[in-house]
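Sequence lines set the chain letters: A, B, ... in the order given, protein chains first and strands last, and positions in each chain run from 1.
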Protein chains: 2
Amino acid sequence: MPRSSRFSVALHVLTHLADTAQPLTSERLAGCVGTNAVVVRRTLAGLREAGLVASSSGPGGGWSLARDPSRVSLQDVYTGLGERLLNGIDVTGPGVRRAPGGSCRIQRAVAGTLDEFLADAEQLLAARLARITVADLAAQLGPSALPRHHSRAG
Amino acid sequence: MPRSSRFSVALHVLTHLADTAQPLTSERLAGCVGTNAVVVRRTLAGLREAGLVASSSGPGGGWSLARDPSRVSLQDVYTGLGERLLNGIDVTGPGVRRAPGGSCRIQRAVAGTLDEFLADAEQLLAARLARITVADLAAQLGPSALPRHHSRAG
DNA sequence: CCAATCTGTAACTATGTATGTTACATGCCA
DNA sequence: TGGCATGTAACATACATAGTTACAGATTGG
């Protein structure tokens with residue numbers, strides 16, 4: 001199962017970032033998530049282009065959120081990653097590789113119907129993802145769960 | 001990920017079956033779809049258990065629809081195949097293989113939220129698939145498009 | 001009962017995709 | 001300049017899906 005874990009990794013990392021004020025290195029994040037630093041960089045590269053996170057080089061550098069967590073929806077993440085939730089479906093079927101001309105009308109009817117359905121479904125799911133934010137994920141940890149640096153007036 | 005063409009293959013085959021009265025062999029169907037006879041049998045095995053199609057051995061045997069095409073929804077097919085439309089998403093992430101105990105609370109929060117979302121989404125998509133039937137697919141071919149064996153007087 | 005036809009299924013191969021890993025170039029700060 | 005961190009290419013590994021071969025079981029017709 002090469003099931004993509006990029007979405008899960010991205011959310012895990014983003015929630016970590018939402019929970020601290022200082023930048024976190026790829027190495028550190030990889031340790032938290034249970035993967036490799038390069039994988040973290042690869043995953044976060046898309047989110048950086050989407051303006052969700054920022055990265056800085058040099059000592060003390062690393063990754064940090066570019067927006068307030070409540071402004072980062074799961075749809076933003078999903079779009080930034082450039083993934084398709086419904087990617088596991090081959091609309092055209094195996095025959096197209098052999099006879100790209102479209103073997104019969106039935107094949108085209110099936111492909112058309114599936115295409116339409118998938119496009120519709122993608123929109124539907126995206127709308128649902130838009131309702132959830134990284135702040136919602138962080139809130140599940142409890143307000144006092146992790147050490148915050150300046151969240152409360154003292 | 002290797003995109004599954006099973007759904008597409010199944011719909012293609014079912015539409016073929018909806019368009020003829022006599023049973024069609026796996027070999028013949030495989031030729032239409034552009035794949036192998038064994039693949040057709042593997043795919044249709046699930047649909048047979050679901051009561052959508054019937055198979056018969058021996059000369060003159062093959063596959064045929066077990067219900068009227070208008071009674072076979074895409075949800076029936078999808079369920080019969082035992083596939084998950086949203087299977088391409090790894091909810092837990094890569095860390096679980098290494099530290100199955102659940103490394104941190106964040107991982108569990110992400111997994112829980114994603115699980116909930118995916119379950120919700122699956123239901124949503126299934127409901128949409130229930131609206132489309134194999135008869136709808138066959139109707140896209142036009143009533144006189146394919147040679148029927150006893151549709152016309154003459 | 002035998003031969004031909006077709007399904008049912010296990011076992012193996014081939015292939016594509018995601019991830020893990022290594023290596024090296026680039027940028028930032030003291 | 002030296003140390004730390006990102007950026008990315010290149011290669012290795014893992015795994016799911018599809019393709020293929022082989023053979024067992026079931027049905028039809030002489």
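One can place CZ of B:R6 at 15 Å from C1' of D:dG19, the figure rounded to the nearest angstrom. In this structure, B:L44 places its CG atom 16 Å from P of C:dC6, rounding to the nearest Å. The nearest whole Å value for the distance from the CD atom in A:E83 to the C1' atom in C:dA18 is 10 Å. Look at CG on B:N87: it is 14 Å from C1' on C:dT17, rounded to the nearest Å. Between the CD atom of A:E27 and the C1' atom of C:dT21 there is a distance of 12 Å, rounded to whole Å. Rounding to whole angstrom units, CZ of residue B:F7 and P of D:dA18 are separated by 14 Å. Counting to the nearest Å, the P atom of D:dG7 and the CG atom of A:L47 are 12 Å from each other. Between A:N36 atom CG and D:dG7 atom P there is a gap of 15 Å when expressed in whole angstrom units.
Here the nucleotide nearest the side chain of A:S57, chosen from C:dC28, C:dT21, D:dT27, is C:dC28. Proximity note for A:W63 (side chain, C-beta onward) versus C:dA10, D:dT6, C:dC6: the nearest is D:dT6. Of the candidate nucleotides C:dG27, C:dT7, C:dG20, C:dT7 has the atom nearest to the side chain of B:S26.
Minimum interatomic distance between A:P69 and A:A18 (heavy atoms only, all atoms of both residues): CG-CB, 3.7 Å.
Contact check, B:S5 against D:dA18: a side-chain N or O comes under 4.0 Å of OP1 or OP2. Remark: A:S55 is in phosphate contact with D:dG7, judged by side-chain N or O atoms under 4.0 Å from OP1 or OP2. At C:dG20, one or more side-chain N or O atoms of A:T35 fall inside 4.0 Å of OP1 or OP2 (strictly under the cut-off). For B:S4, a side-chain nitrogen or oxygen approaches OP1 or OP2 of D:dA18 to under 4.0 Å. Remark: A:R41 is not in phosphate contact with D:dG7, judged by side-chain N or O atoms under 4.0 Å from OP1 or OP2.
Side chains of A:T113 and B:L137 form a contact here, defined as non-hydrogen atoms less than 4.5 Å apart.
To the nearest 0.5 Å, atom CG of residue B:L65 and atom CG of residue B:L52 are 8.5 Å apart. Taking CG from B:L86 and CD1 from A:I89, the interatomic distance works out to 8.5 Å, rounded to the nearest 0.5 Å. Considering CG of A:L44 and CZ of A:R6, their distance stands at 10.0 Å, rounded to 0.5 Å.
Counting any heavy atom pair closer than 4.0 Å across all strands shown, A:R42 reaches a base atom. Among the atoms of the strands shown, only primed sugar atoms or phosphate atoms (P, OP1, OP2) are found under 4.0 Å from some heavy atom of B:R48.
Checking B:G62 against A:G58, the closest nucleotide of DNA chain C that is more toward the 5' end is the one next to B:G62. Taking the nucleotide of DNA chain C with the nearest heavy atom to each of A:P59 and B:V38, the more 5' of the two is matched to B:V38.
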